[in-house]
Structure formats: structure tokens, C-alpha cells
Amino acid sequence: MPHSVTPEEVSTPVEATTSQIENNDGETQMTEGTLTAAESEEQNGDTQATDSTNEDITMGDVGAEQKEQPSEESMTAETKPEVKLEDLFADMTSDDEFADPALDVKVSSSPPEAPFSPVHTGPISRASDSDVMRSFYQRLFPWRYLFQWLNHSPTPSTDFGHREFAFTLQNDAYLRYQSFRTSDLLRKDVLRLNPSRFEIGPVYSTNPRDRKTLRKASAFKPIAKELCFDIDLTDYDDIRTCCDKANICNKCWQFITMAIKVIDVALREDFGFKHIMWVYSGRRGAHAWVCDKKARLMDDQKRRAIAGYLEVIKGGTQSGKRVNVKRPLHSHVARSLDILKPYFEDDVLQGQDPWETDEKFARLLELLPDRTLNEALKKKWSSAPGRSSTSKWADIHTLAKSGVSKALDTKGLRDAQQDIILEYTYPRLDIEVSKHLNHLLKSPFVVHPGTGRVCVPIDTKHCEDFDPLTAPTITDLLREIDEWEAPEEAESEDKKLQDWEKTSLKPYVEYFRSFVLALMRDEKDVKVKREREENGEMEF
Amino acid sequence: MIRQDFSRIDPKRRTTLDHRKKQFATPTYQNLEYKHRLNFYITPPTADITLEQFEQWAIDRLRVLAELEACSFRNKSPSETAEHMKPLLQKYLPLSATSSGSSNLQAERQKDHYSHFILRLAFASTEDLRRRFSRVETMLFRLRFQADDLRDRGAFVESLSLDWETVGSEERAMYAPQLQAAGGGFPKNIEEESYFKVDWERVPELVENRRVFLKGGMAYVPGREQLSMVVAEFTSRLEKALELTSRALPRLDEDDRLTPILNHLSQNFTTPDASYSTSATALPGADISARNVDTLSASFPLCMQNLHRSLRRDAHLKHYGRLQYTLFLKGIGLNLEECLVFWRSSFSKITDDVFNKEYRYNVRHAYGDVGGDSNRRGNGYSPFSCQKILTEKRPGPGESHGCPYRDFSVDNLTALLQQVGVTDREVLKGVKEDKEKTKFHLACNRVFDYVHKQEIKKVKDDGTWTSAQLETLVHPNDYFKRSYLLKNLGKNPVEEEMEKVKPDVEMED
């Protein structure tokens with residue numbers, strides 16, 4: 001097969017080797033976009049990995065700075081031997097860059113206030129400005145909790161070390177199979193590469209960076225990942241009238257709120273999962289991360305089973321009636337219907353008014369089973385243009401009662417109406433994300449490059465209150481740091497605040513922290529228990 | 001298993017027997033007694049059999065398995081499969097019920113047991129073979145389990161001693177409505193059914209279809225769903241065992257009597273749905289190029305016509321649509337350059353930059369021009385067969401891939417067929433019936449026969465085509481090829497093509 005390299009393709013700035021990205025799962029991650037990655041990138045990673053074995057493993061290692069320098073040097077030596085280190089990083093306020101990990105690691109230590117230039121944070125700066133992005137990851141991103149979340153314990157383990165990260169670089173190159181021993185190393189690479197976003201993949205059986213050195217390709221396989229769900233408002237385009245495509249407003253965000261309620265309760269009550277985190281995806285949807293150990297270790301078949309259990313709306317726009325649930329309703333569907341009914345009346349019928357015009361209510365009539373009744377409804381609605389969807393919905397009931405249709409199957413009509421409620425409210429999941437162990441999903445707290453909004457967690461207890469349009473943006477946050485002033489009766493010296501604590505990101509990071517702590521506590525209990533059991537057996 | 005090297009002491013007998021008496025002793029584990037008709041194949045066979053038996057038994061079982069696999073590829077329903085398999089099973093792998101009192105009972109079961117383990121050896125070597133083997137073995141097991149008489153089955157399940165917790169009558173009464181709803185309204189009276197409580201992960205099949213009630217991670221499985229649980233157990237144990245076998249395989253290499261037989265067996269287990277070779281479809285002289293796709297599309301099967309229409313209507317297709325269509329185009333002989341031209345020009349609403357960034361790579365990947373080593377070596381993916389299309393993800397909102405005969409509602413399907421020129425009432429009625437019986441490929445072939453009825457009659461009358469050339473179509477690319485050949489009968493395809501194909505129905509609607 002000839003390589004059809006076209007000029008457009010070569011023009012991508014950095015480099016050429018496409019070998020970096022292998023599609024080991026061609027279907028789900030057929031990476032779109034040009035794939036670029038310098039070999040040096042990878043080698044750099046390797047040197048880091050080997051170097052870091054010298055480092056102390058614990059998080060609280062303050063001396064990391066000195067030990068990291070050599071690895072940095074070896075990297076630059078490889079790419080451009082003649083350039084001095086200082087020159088290379090001259091524009092990055094180099095000292096803070098590498099002094100910072102230590103600060104980040106120790107909660108109690110204070111971040112330096114002066115060195116960061118406030119220039120970036122002015123109102124004119126765009127969210128995607130790479131410097132703004134970098135300041136965000138440098139100062140606000142909760143690295144420590146991200147690490148604990150994925151590592152499930154304070155000391156680095158393979159849960160974190162063999163986890164795949166994938167970076168989307170500023171030039172849209174997609175860099176897969178990155179892995180890091182600690183959050184510091186991850187943080188450093190994020191600051192160095194300054195990706196527009198990064199994604200989290202599965203934990204592999206070996207370090208993803210070493211995958212090519214293995215003798216057998218089968219020795220490299222994904223073994224664990226959180227069970228994920230992705231809900232995107234674009235999937236609601238055929239029923240939402242307020243916005244379409246990438247746009248959202250508070251009206252259509254209600255669909256996401258409904259979805260969270262329905263899915264969350266099913267995962268908790270039916271499947272018994274406890275550690276479920278919902279995250280705003282930054283633009284027009286939400287992600288769920290189910291982090292229970294049992295969920296993480298599920299194979300694809302089990303993931304598919306859950307996805308299938310939760311999937312009610314099937315088929316494309318051409319498939320006619322898209323909800324066909326069995327009667328009597330399965331307890332999950334019945335419960336969902338109970339949750340969704342009030343939303344249907346308020347947010348769909350009133351908020352969206354989906355059957356306003358002739359062509360729109362034709363869709364509604366398609367879904368109703370009785371022809372005579374449909375004729376009568378059509379007549380009535382055509383003669384009264386602009387009749388609201390709420391009235392139309394009520395008309396179905398009144399006309400059915402008035403006995404227009406002699407052979408009316410009341411039960412059939414009721415079922416059809418239930419199906420319609422479900423079609424207009426039930427969560428539309430992007431099921432592929434949930435089905436596969438090795439699907440990558442954007443990390444929480446990453447900044448959405450298009451909107452500048454931070455992907456903050458949504459507290460399910462108050463998910464009605466979450467407003468995507470007021471979710472913190474990167475520029476606001478950086479401004480808030482600058483505007484922040486220490487309270488007069490400043491607490492004692494040793495209790496300095498972290499940068500995120502000065503901003504509106506605070507409640508979200510705190511929520512994340514409590515979530516992570518609860519998760520770690522559960523994992524620890526399991527470990528202790530198992531050890532005890534093993535000991536018991538040994539004695540026996 | 002069939003070691004004849006008498007000079008060596010069998011390690012298992014070493015401790016228990018005086019070596020001087022060894023030759024008179026019978027091995028303690030020789031003849032397993034098969035109490036049940038069904039077998040979970042946990043204990044490997046240890047008795048001696050001849051090489052001929054070794055080979056013959058394996059071949060007999062292989063026949064059965066290959067036929068079973070073929071049934072699933074032809075989309076046969078379980079009852080049809082059972083019907084179809086009955087004579088074959090009787091001939092090659094009979095298994096009588098315990099109650100039949102047949103004198104061959106033990107011999108039959110021994111053959112079943114041994115042949116299973118021989119094939120295990122033959123199919124443990126690669127991941128792909130293992131997966132297929134466990135799939136068909138599971139199908140066979142399921143078939144037999146269903147055919148088993150009740151008492152036998154009960155005793156067999158009992159003997160498995162699976163740890164299922166029985167749901168007490170109090171709990172059963174408490175969740176009665178939920179349990180009945182999960183069972184589709186059955187049982188009418190909750191007392192009539194017994195329930196087990198198991199971790200939901202053990203019955204993923206039932207969970208996926210919402211056929212069980214779930215509470216806190218436990219699935220309440222009704223007694224009648226026993227089948228699915230036993231089968232799941234069977235599969236998981238078999239998979240584990242195959243994995244172990246594959247690791248032990250290298251030690252077999254020294255044996256020059258068994259290895260050739262085993263290799264031969266595994267090679268003969270070819271997929272009936274054999275992957276599609278592009279060379280077989282090459283149409284010499286045909287103008288397969290980007291600008292000619294519109295014209296050619298008149299010969300496309302409905303799934304591809306639908307994709308083509310969606311593409312022309314929206315100037316866009318979603319991921320799976322692109323994949324399915326790209327591979328089909330690759331299959332009809334459109335080369336990579338032309339294919340890129342085709343997609344580029346079809347996505348008329350986007351800029352070159354967006355196209356290069358977001359779509360070019362996928363097309364090249366499908367052709368094996370980029371991607372991992374194996375992808376490039378294998379020239380990318382093969383064009384989807386009907387089987388593949390029918391087992392892939394169903395189209396979601398805004399997606400157009402899949403099989404219209406399955407994924408469209410009857411009304412939309414009829415409308416689409418009428419748009420492409422199928423207006424005959426009988427045909428439409430037939431398609432509707434096929435669809436209701438989920439015989440999607442029959443519907444497709446029906447439409448094919450209708451659209452090409454004159455040509456088919458002609459080649460049949462002339463005797464120019466054999467009946468083999470007109471057998472049921474199960475691949476979109478075969479559909480295209482046959483359609484194209486029929487429409488260009490006895491003509492030089494390039495010259496006559498433009499007049500021959502019927503008016504272009506693709507545009508403007």
C-alpha cells in the first residue's frame with residue numbers, strides 16, 4: 001500500500017513518526033487527526049522512568065528537584081546537544097517550574113506568590129492561550145488528588161504507574177501510551193508539552209511505555225479501568241428545540257440532570273456501586289466515573305451487560321419507534337419513569353415545547369398506536385396552530401376518553417405514552433464509551449480547550465443546582481487568584497492556602513478530595529482484611 | 001495419553017505400586033464412569049485410545065462444531081439450529097439419555113469426552129482459535145442441555161455444586177412485583193418459581209437484557225434461567241482451561257505423532273464466512289473511481305445505498321457509517337487515492353484542514369496504510385459481511401450504518417425501497433414478512449432477485465451461469481459484484497455502462 005503523504009500532512013509543525021500511536025483497538029480509538037510524536041519524546045520518557053527509580057518513592061519527597069535535573073538534562077542533550085538548559089527554558093520561569101512539585105506535594109507548604117506574572121490573567125486573554133493553560137495546570141490543577149484517585153493509596157503503585165495517559169497537543173497531534181510513576185512526573189510533562197487536554201485510559205498489565213520492548217504483544221493488555229459513561233447533548237438534537245450541535249443552555253442542560261439522576265440511582269441501588277463521580281465535560285455533556293474496585297476490574301462483557309441494562313432508547317432516527325420496553329416494566333425502567341415524569345412535564349413539554357408545529361407533531365402522532373384517534377388529534381391541532389405541547393399532551397387523554405375511536409386500546413395507548421415519555425427524557429448514553437475497557441476519557445479538572453471551562457465534578461446530591469454556564473472558566477480562576485487577598489486575621493504561618501483555595505474552584509476540589517478519601521478508605525479496608533485472612537490461613 | 005514407552009515408570013503410579021507387579025496392575029484412573037449425559041469436561045481423559053480413534057473422534061466432533069458455527073453465521077434461530085443439527089449429532093456424536101438404557105451409553109460419553117479434549121489441544125494454540133472453540137463448544141453444550149431430559153438435567157446441575165444462594169420465601173414475597181416484572185409478568189403466582197441470588201457478574205447475559213431483578217449488586221435469577229447460568233459457568237471454565245492448555249502446549253512439541261494431526265485439525269476449522277478477498281471481486285474493465293461511485297451505487301445493496309444517500313443528503317457520515325462504507329468501497333476495488341478523493345469531495349461542507357485532521361487518517365487506517373504493524377501487514381480491515389454488519393453496534397441517533405432491513409421500521413424501510421425503485425407490492429410484502437421473522441438476508445436477496453429478475457432469467461435460460469453463482473448472498477460486496485455482472489451481461493462493461501445502469505436514483509430527495 002503506497003504511502004500517500006500529502007503536503008498538508010507534512011505541514012504539521014513538530015515531527016513525523018506515526019509509529020507512536022498504535023491502534024491496538026482500531027474500532028474504538030481510531031485516532032482521528034494526524035499522529036505525531038517524536039521518538040525523542042518516548043526516549044525522554046524512558047530516561048525519566050529509569051532515573052526516577054533513584055528517586056524516593058514517597059509523595060512527600062522534597063528533594064525531587066535536584067534529582068530531576070539530570071533527567072531533564074539528558075533529554076535536552078538528546079534532542080539538541082549544543083543548547084544550554086537555561087536557554088531552552090528561559091521563557092518558562094524555569095526555577096518555579098521545577099521547584100514547584102515539592103510544593104504541590106506538601107499541602108502545608110506555601111506556593112510562591114510573587115513569581116507568577118499576572119499578565120496572562122487579564123480579561124482579554126483567551127482561554128486557549130497556551131500560557132494561560134500552563135498557569136492553570138501549574139497552579140490550580142489538583143494533581144495530588146488526581147494521583148490519589150487513580151492510585152487508590154498514598155504510595156505510588158502500578159495502579160497509577162501503569163495507567164495510560166493520552167495527550168492532545170496544541171497542534172492536535174495525539175500522544176498515546178504515556179505513563180508516569182507519580183503525579184509530579186505527570187505534572188511536569190503536562191507543563192512541558194502543554195497539551196490542550198489529556199485523557200485517562202486503562203491500567204495495563206505492564207508499563208505502557210515498555211509495551212514495545214515486550215516479546216509477546218499479548219503480555220500488554222488493559223486490566224482495569226473505571227466504568228465510564230458519557231452523555232452528550234448532541235445526542236438530544238432531535239428532541240431539543242432550544243439549541244443544537246455544540247450549544248447548550250439551561251433548558252437543555254435539564255436533560256443531563258435527568259440523565260444523572262436516572263443512571264446514578266441505577267448504579268447505586270441495582271449494581272451496588274458506591275464511588276460514582278459525575279464530571280461536567282466542559283461543553284455540552286457529563287461523564288460518570290464509577291470507581292469501585294469491582295467496577296474497575298470488569299471485563300468488556302460485563303461492561304456491555306451494564307450498558308445494555310441501562311440502554312432503553314435504541315436505533316437511529318430512521319428506526320421509527322425507538323423505545324420498546326417490555327411490559328410489565330422492569331423495576332429499573334419503572335423507577336426511571338417515576339423519576340422522569342415530572343421532568344417531562346416541566347422541562348420537556350413546557351421548556352422545549354417539542355410538538356409546536358405541524359411537522360413536529362407528526363412525530364408524536366407516529367408514536368401513537370390508534371389511527372382514528374390520530375386523525376382526530378391531527379384535525380384538532382392543525383386548526384389551532386401554536387397550541388402548546390402541554391395542551392397537546394393533555395388532548396390525547398381527553399380525546400381518548402371522549403370515545404372518538406371505538407376500538408381504542410386504552411392499555412396500548414397508555415404504554416405508548418409511557419414510551420414517549422421515555423423517548424423524550426431517558427438518558428441517551430454514548431454506549432461505546434462504557435462498553436470497552438480500553439476507552440480513553442478526558443480527565444476531570446482538565447480545561448475544555450473550546451470553552452475554557454474546567455471539567456468540574458458535579459455533586460449528585462445537588463445536581464439540579466449545577467449550572468454549566470457558570471462553571472468556572474480558566475480566566476476567571478486565574479483572575480480570582482490575583483484578586484485574592486489574605487484575610488486580616490491570617491491564620492498562622494504554617495497554614496498557607498493553596499491557590500485553588502482562593503478561587504471558585506474550591507468547592508469542586510473539596511468535593512473531589514472527599515470523594516477520593518472515601519475511595520481510598522474503602523480500598524484500604526479491603527487490603528487490611530485480605531492480609532488478615534491470609535495471615536489466618538498461614539497460621540492454620 | 002497414548003504413551004507406549006513402557007520402559008518408563010508412569011510418575012503417577014510410581015509410589016503406589018511395586019514395579020514388579022506393575023505390568024499386571026490396572027491404572028486406577030483408567031475408565032471414568034460417566035454418570036451424566038452432559039459433561040463439564042473438568043477431568044482430562046487418561047485411558048489409552050488408538051491413533052485412529054484419536055483422529056476419527058476429533059474429526060467427527062469437528063464436523064459437528066463446524067456445522068454449528070455455520071448455523072450461527074446463517075443467522076438461524078435456536079430452534080432451527082436444533083432441528084438442523086439433530087441428524088448430524090445422531091450420526092457423528094450421539095449421546096443417549098441415561099434413561100434410554102442404551103448399551104452404548106458409556107462408549108458414547110467416552111467419545112464425547114475424549115474428542116472434546118483432543119480438540120482442546122488442537123485449538124488452544126492461538127487466541128482466535130480459542131475464542132472460536134469456546135464459542136462453538138458453548139453452543140453445543142447449550143443445545144444438549146436444552147435437549148436433555150429433565151431428570152438428567154436436574155441431576156447434572158446438582159452434581160456441579162455451584163454456590164447459588166436460594167432466595168427465601170419471605171424475601172421472595174417482598175420483591176414479588178419486581179421479580180415478576182423482570183420475568184415479563186411471569187410467574188403469575190410468585191410461589192410457582194424458585195429464585196437464586198448470585199452476584200450479577202455471573203449472569204451478565206441476563207442483566208444485559210434486563211431479565212433479572214437487581215438489588216445491591218445481586219441478581220435474582222429465576223429457576224428457569226438456570227440454563228444461562230450453567231452455560232455461563234461452562235464457558236468461563238472452558239476459557240480458563242483453554243488458557244492453561246495453551247501454556248502447556250509447547251511441551252507437546254516433541255511428539256511427532258500427535259502434533260501433525262492436531263495441526264491438521266485446526267487448519268481444517270476454517271470459517272465458512274471466510275474473510276473477503278479483494279482479488280476475487282475485481283471487475284476487469286469496470287470504471288471504479290471516485291467520480292463514478294454515484295453511477296455504481298445503483299448496484300449497491302440497500303445498506304450501502306442508504307449510506308450513500310445519507311452521505312449525499314448530509315455531506316457527512318458518522319464514524320461507523322464511514323467505516324462500513326469505506327470498507328465496502330475498498331472491497332469493490334476503489335483504491336486508497338480514489339477513496340480519499342471520494343470522501344474529500346463528499347464532505348463538501350468542511351475545509352481541507354478539517355478533513356485532513358479528522359477523517360483522512362481513518363480512511364488510510366481502513367486501507368492498512370497507517371496504524372499498527374498487523375494492521376498494515378493485513379492491508380487494513382476486510383469489508384464487512386452481512387454477518388459482521390448484523391452483529392455490530394446498531395445505529396444510534398444520526399447514524400446510518402447497519403442493515404436497513406433490520407434497523408429501519410417497516411414504514412421507513414418500505415419508503416426507502418420505493419425510493420430506490422422497488423415498488424412491487426408482492427416484494428414489499430415479502431420483505432415485510434422476512435423482516436418480521438428477522439430473516440434480513442432473505443429480504444435482501446428477495447430485493448436482489450426482483451431488481452435483477454430479467455437478467456437472472458436470461459442467464460438461467462442460457463445456462464451461462466451455474467446455480468452456484470446464484471446462491472444466497474451474504475456479503476454486500478458479493479451483492480455488488482453479482483449485480484454489476486448481471487447488468488453488464490455480454491457487454492464490455494466500460495463502454496456500455498453508462499446506458500445500461502438504470503436512471504440515477506441517488507440524488508435530490
Side-chain angles (χ1 to χ4, degrees), chain A residues 1-4 6 8-9 18 21-24 26-27 30-35 172 217-218 234-238 266 269-273 294 298 301-302 304-309 313-322 325-334 366 428 430-432 435, chain B residues 127 177-178 180-182 184-185 200-201 204-205 207-211 213-218 306 319 323 336-337 340 352-353 356-362 364-373 375-376 379-381 393-400 402 404 407-412 416:
Chain A
M1 205 51 72
H3 268 269
S4 64
T6 60
E8 296 89 39
E9 210 162 17
T18 49
I21 291 117
E22 290 227 20
N23 279 325
N24 75 329
E27 299 87 4
M30 289 261 294
T31 345
E32 313 213 336
T34 325
L35 307 166
D172 277 341
S218 58
T234 40
D235 289 330
Y236 290 80
D237 275 358
D238 60 318
E269 287 187 3
D270 297 354
F271 291 97
F273 294 130
K294 203 173 151 193
M298 288 190 301
Q301 192 201 13
K302 289 174 193 136
R304 210 165 45 235
I306 296 192
Y309 182 83
I313 299 181
K314 287 181 178 149
T317 34
Q318 296 285 352
S319 13
K321 203 157 169 290
R322 293 172 59 196
V325 281
K326 277 187 303 187
R327 314 288 157 166
L329 291 176
H330 183 272
S331 49
H332 163 64
V333 183
E366 247 175 60
R428 300 175 172 207
D430 181 354
I431 225 79
E432 294 306 299
K435 275 184 184 169
Chain B
E127 170 108 36
Q178 286 94 326
Q180 282 164 332
W200 75 266
E201 293 193 343
E205 234 180 299
V207 171
E208 185 167 355
N209 299 315
R210 285 195 293 269
R211 296 223 309 270
F213 167 60
L214 284 182
K215 178 92 191 155
M218 298 304 259
N306 177 41
H319 175 81
L323 186 63
L336 175 60
E337 281 74 21
L340 285 167
D352 277 349
D353 197 35
N356 287 335
K357 251 193 221 161
E358 297 189 8
Y359 303 107
R360 173 180 288 268
Y361 183 83
N362 274 357
R364 293 177 60 202
H365 195 274
Y367 273 78
D369 193 37
V370 286
D373 197 32
N375 186 45
R376 271 179 294 180
N379 285 331
Y381 308 139
K393 180 191 180 252
R394 290 187 160 213
E399 293 183 316
S400 314
D407 300 319
F408 276 36
S409 67
V410 174
D411 293 343
N412 288 337
L416 179 66

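Per chain, numbering begins at 1; letters A, B, ... match sequence-line order. Values below: all heavy atoms of this structure, side chains included; hydrogens, waters and symmetry mates excluded.
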Handout entry: Atom of Pro328(A), atom of Gln180(B) and distance for their closest heavy-atom approach
Key = CG-O, 4.4 Å

Handout entry: Residue pair Lys294(A), Glu201(B): steps toward the side-chain contact (heavy atoms from CB on, under 4.5 Å) verdict
Key = CA-CA 10 Å; Lys294(A) 203 173 151 193; Glu201(B) 293 193 343; 3.5 Å; yes

Exercise for the section: Using the side-chain contact (heavy atoms from CB on, under 4.5 Å) rule, take Val325(A) and Arg210(B) through it: C-alpha gap first, then chi angles, then the decisive distance, then the call. Expected result: CA-CA 10 Å; Val325(A) 281; Arg210(B) 285 195 293 269; 3.9 Å; yes

Problem - Max heavy-atom pair count under 4.5 Å with chain B, selected residue of Ala305(A), Gly272(A), Ala266(A) - result: Ala305(A)

Handout entry: Nearest-0.5 Å distance that lies between atom CD1 in Ile306(A) and atom CG in Leu214(B)
Key = 9.0 Å

Handout entry: Asn209(B), part contacting chain A, at a heavy-atom distance under 4.5 Å
Key = backbone

Practice task
Let me know if Arg394(B) has heavy atoms under 4.5 Å from chain A in its side chain, its backbone, both or neither.
Solution key: neither

Problem - Among Gly216(B), Pro204(B), Pro404(B), residue most engaged with chain A (heavy-atom pairs, under 4.5 Å) - result: Gly216(B)

Completion exercise
Looking only at Asp237(A), Asp270(A), Asp430(A), Thr234(A), most heavy-atom pairs under 4.5 Å shared with chain B are made by Asp270(A)

Handout entry: Those residues that, when tested against Tyr236(A), pass side chain to side chain donor-acceptor pair (under 3.5 Å) (two or more places apart)
Key = none

Exercise for the section: Please report the shortest heavy-atom distance between Tyr309(A) and Val207(B), naming the atom on each side. Expected result: CD1-O, 3.1 Å

Handout entry: Residue among Ser400(B), Gly402(B), Ala181(B), Pro177(B) with most heavy-atom pairs under 4.5 Å to chain A
Key = Ala181(B)

Fill in the blank from the handout: chain A shares the most heavy-atom pairs under 4.5 Å, among Lys215(B), Gln178(B), Glu208(B), with Glu208(B)

Problem - Side chain, backbone, both or neither of Lys302(A) within contact of chain B (heavy atoms, under 4.5 Å) - result: both

Practice task
Using salt bridge (charged side-chain N to carboxylate O under 4.0 Å, His left out) as the criterion, list what pairs up with Arg304(A), not counting sequence neighbours.
Solution key: none

